[in-house]
Amino acid sequence: MANINYSIYLVTGRELLPPGKDYLESLEEALQGGVTVVQIREKNTETEEFIQIAKASKALCDRYNVPILVNDRVDVALAINACGVHLGQTDMTVAQAKILLPKGSIIGVSCNNIKHVKEAIEGGADYIGIGPVWETKTKALTNPVIGVRGVGQMLEALDGTNVKAVAIGGIKSSNLLRTLYGSVSSTRHALDGVAVVSEIIASRNPKEAASRLVGIMQAFRAEFAIVQGWTFESKLYGQNDAPPTTDEILDRVVKLMAKIKELGPLVHQITNNVVATQSANITLALGASPIMATAPEEMEDLERIVGALLVNIGTLTAATLEGMRKAGFHANAFRKPLIFDPVGFGASQFRKGSANELLNIYQASVIKGNAGELAALAGSGEVESKGVDSIGTGFKDPVTFVKQLSRRERCIVVMTGPTDYISDGMTVVSLRNGHDILGKITGSGCIAGSSIASYCAAASATASEDEYQSNTEGSLVKGDMLLGAIAGVLVLTIAAEIAVELDYVRGPGTFLSGLIDALWTLTADDVVRRAKITVETS
């Protein structure tokens with residue numbers, strides 16, 4: 001039983017069956033749909049009835065050659081000759097279960113933190129169930145929700161072992177791809193499967209529900225096998241190619257500059273109300289089209305038609321938070337670029353908690369912030385912030401920092417400052433353009449987010465079938481997001497250099513007008529001549 005396929009791990013729960021749906025009928029349909037493991041869970045059933053249900057379930061599973069496990073009850077597992085058991089933290093230990101069960105039995109353990117994981121490894125568990133990942137109504141939660149981004153650290157603890165891992169808790173087809181993608185560890189350790197309850201058991205068509213989950217899992221694995229890096233958003237080079245040269249990057253930036261003006265992509269921006277007008281004007285000057293909408297009720301319709309979404313938490317409120325939740329969820333669902341700007345992340349617990357909630361709900365394509373904001377996001381004390389501003393001299397090793405944060409967050413990371421650093425977890429590109437006056441206008445970082453979102457929209461819209469391209473079913477965005485991020489920062493900072501040279505620019509007030517003008521008239525030659533790009537080697 002060492003080669004169990006944990007991909008779609010069904011946990012039963014007869015209390016969740018739709019009215020009139022027979023349990024064994026439901027189970028067989030789920031098996032026909034592709035369920036790969038079944039765990040029988042009967043929390044409120046007498047032992048004799050439990051054994052009868054488990055026996056009937058095992059007969060069905062044997063017919064489809066699917067292993068069956070029993071939740072908690074070693075005695076029931078022995079009575080029906082099950083393949084093994086799943087134990088909770090308050091049940092008997094793995095060592096005790098090993099004494100009672102036949103040699104070769106599968107033993108799984110529920111884990112909610114790294115301590116649990118390490119104990120499971122030491123005890124000799126065959127697999128662990130990590131969760132709850134999402135809020136769930138299937139059972140009363142006795143442990144905190146760990147979130148998608150909390151799974152990776154536990155998976156990393158399994159590196160070098162043969163212990164498998166499934167995620168559990170609120171998993172369904174609408175969040176499965178996000179769960180799989182966002183839980184991959186910084187060492188590229190992915191889940192072996194997901195445990196599902198109500199998505200299948202509560203369905204009137206369990207076969208279809210299971211089949212849908214199987215399809216998503218297979219698409220993700222196909223994509224994961226192709227992409228050897230830490231994010232799926234970088235297409236500047238393939239798995240066996242060398243990092244891009246500065247000339248290659250510049251060539252593609254110039255082509256994207258032409259495309260953005262040709263296509264005029266619609267960019268949805270939920271941004272702070274201090275900078276909404278200038279962000280919209282910057283977007284127009286770039287050649288894109290802004291829509292500044294916040295109502296939760298229209299988010300599904302908007303994300304269906306836009307080219308990209310920017311979420312900026314600068315003036316976050318409870319009202320705008322709900323719109324941000326829904327917009328990001330639907331952006332992922334429609335595979336649109338999602339740029340997340342954690343403005344003032346460390347300034348308050350409300351901001352920090354809300355930003356972490358949003359980053360667990362959906363997968364960002366790009367996270368952009370200054371050194372202080374990204375340090376707070378990463379839990380680093382090396383750089384501090386004051387409100388929305390970064391203070392101090394920055395990171396001693398910014399290249400390593402952005403690379404590691406990109407790996408952890410599974411997306412492109414842009415760290416703005418005197419030198420801008422952009423990473424996909426493999427390569428770091430530094431840009432040394434710009435002017436000090438950018439720091440003298442309100443929201444210069446926010447308009448950088450608008451520029452990045454605009455170029456990511458263009459990169460997504462121009463993604464072709466013949467270039468290295470993500471599987472549309474196995475990824476949460478299409479197009480080269482690393483290129484989009486580089487172009488967005490480079491174009492804006494070069495335009496700033498040109499703006500300060502304009503005759504009518506006398507200070508920050510006239511500079512903003514000059515910046516809009518410079519973006520409108522910026523040429524490919526301007527960018528090629530002024531670009532200061534370095535592909536970092538350390």
Side-chain angles (χ1 to χ4, degrees), residues 111 113-114 117 130 133-134 145-160 165 167 177-191 220 223-224 227-234 311 313 328 332 337-342 345-346 351-383 385 390 394-416 420-429 452 475-477 481-482 485 536 538:
C111 295
N113 54 52
I114 291 178
V117 175
I130 300 174
V133 177
W134 303 89
V145 173
I146 62 175
V148 172
R149 291 154 67 236
V151 176
Q153 293 180 343
M154 298 191 207
L155 291 177
E156 194 168 337
L158 297 178
D159 289 351
L177 190 55
R178 168 67 185 124
T179 302
L180 294 170
Y181 189 107
S183 62
V184 177
S185 77
S186 60
T187 56
R188 295 197 85 249
H189 195 137
L191 285 165
F220 169 79
E223 180 78 357
F224 189 71
V227 181
Q228 298 300 304
W230 280 263
T231 69
F232 293 3
E233 289 84 8
S234 174
V311 174
I313 66 168
N332 275 181
L338 195 169
I339 289 69
F340 188 80
D341 192 345
F345 179 87
R351 283 175 189 261
K352 188 179 294 185
S354 298
N356 277 320
E357 178 197 349
L358 293 173
L359 288 173
N360 273 313
I361 291 172
Y362 46 68
Q363 177 64 53
S365 309
V366 180
I367 295 177
K368 180 217 74 73
N370 61 37
E373 290 161 347
L374 295 186
L377 177 63
S380 169
E382 187 175 348
V383 179
S385 59
S390 179
F395 289 96
K396 292 180 181 178
D397 186 358
V399 171
T400 298
F401 173 77
V402 294
K403 186 183 292 185
Q404 290 179 343
L405 185 59
S406 173
R407 293 179 180 184
R408 194 191 82 172
E409 295 296 339
R410 304 283 296 154
C411 69
I412 308 302
V413 168
V414 177
M415 184 167 72
T416 57
D420 302 301
Y421 295 92
I422 305 172
S423 180
D424 64 351
M426 293 178 68
T427 297
V428 177
V429 175
I452 291 169
S475 63
L476 290 163
V477 69
M481 297 298 101
L482 179 59
E536 302 290 347
S538 60

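On a predicted model such as this, the values are computed, not experimentally measured, just so you know.
Leu358 CG to Ile313 CD1: the interatomic distance, rounded to the nearest 0.5 Å, is 7.5 Å. Met481 CE to Asp424 CG: the interatomic distance, rounded to the nearest 0.5 Å, is 12.5 Å. Between the OG1 atom in Thr187 and the CG atom in Asp159 there is a gap of 3.5 Å [rounded to 0.5 Å]. For the atom pair OG1 of Thr416 and CG of Asp341, the computed distance is 8.0 Å after rounding to the nearest 0.5 Å.
The main-chain N or O of Arg351 is never found under 3.5 Å from a side-chain atom of Ser354 such that the two would form a donor-acceptor pair. Of the possible donor and acceptor atoms, none in the side chain of Arg410 sits under 3.5 Å from a partner among the backbone N and O of Gly182. In this structure, Gln153 contributes its side chain and Asn113 its backbone to no donor-acceptor pair below 3.5 Å. Looking at Glu373, its side chain does come within 3.5 Å of a backbone N or O of Asn370 through a donor-acceptor pair. With hydrogens and angles disregarded, no donor-acceptor distance shorter than 3.5 Å links the side chain of Ser183 to the backbone of Gly152. A donor-acceptor pair under 3.5 Å links the side-chain atoms of Asn360 to the main chain of Val148, judged by distance alone. Between the side chain of Ser380 and the backbone N or O of Ala375, no donor-acceptor pair lies under 3.5 Å.
Residues Phe345 and Lys352 form a side-chain contact, since some pair of their non-hydrogen atoms from C-beta on lies under 4.5 Å apart. The closest side-chain heavy-atom distance from Leu338 to Val477 is not below 4.5 Å. Residues Arg408 and Arg149 meet the side-chain proximity criterion, which asks for heavy atoms closer than 4.5 Å. Counting only heavy atoms from C-beta outward, the side chains of Phe224 and Arg188 approach each other to under 4.5 Å. The shortest side-chain heavy-atom distance between Phe401 and Asp397 does not fall under the 4.5 Å cut-off. Taking the side chain as every heavy atom from C-beta outward, Trp134 and Arg178 approach each other to under 4.5 Å. A heavy-atom distance below 4.5 Å is found between the side chains of Leu359 and Ile367. Side-chain atoms of Val184 and Leu155, non-hydrogen and from C-beta on, never get closer than 4.5 Å to each other.
Closest approach of Val117 and Ala157 over heavy atoms only: CG1-CB, 3.9 Å. Contact between Leu158 and Ala165 at its shortest, heavy atoms only, is CD1-CB, 3.7 Å. Across every non-hydrogen atom of Asn332 and Tyr362, the tightest pair is OD1-CB, 3.2 Å. Residues Gly369 and Leu374 approach most closely at O-CD1, 3.7 Å, considering heavy atoms. Among all heavy-atom pairs drawn from Cys411 and Ser365, the shortest one is CB-O, 3.4 Å. When every heavy atom of Gly425 is checked against every heavy atom of Ser406, the shortest pair comes out as N-OG, 3.0 Å.
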>> Assess the residue pair Thr427 and Ile422 against the criterion (side chain to side chain contact (heavy atoms under 4.5 Å, CB included)); give the C-alpha distance rounded to whole Å, side-chain angles, the decisive distance to 0.1 Å, and a yes or no.
In response: CA-CA 8 Å; Thr427 297; Ile422 305 172; over 6 Å; no

> Between Leu405 and Met415, does a side chain to side chain contact (heavy atoms under 4.5 Å, CB included) hold up when you go through it step by step?
Replying inline: CA-CA 10 Å; Leu405 185 59; Met415 184 167 72; over 6 Å; no

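With 3.5 Å as the limit, one finds a donor-acceptor pair spanning the side chains of Glu156 and Ser186.
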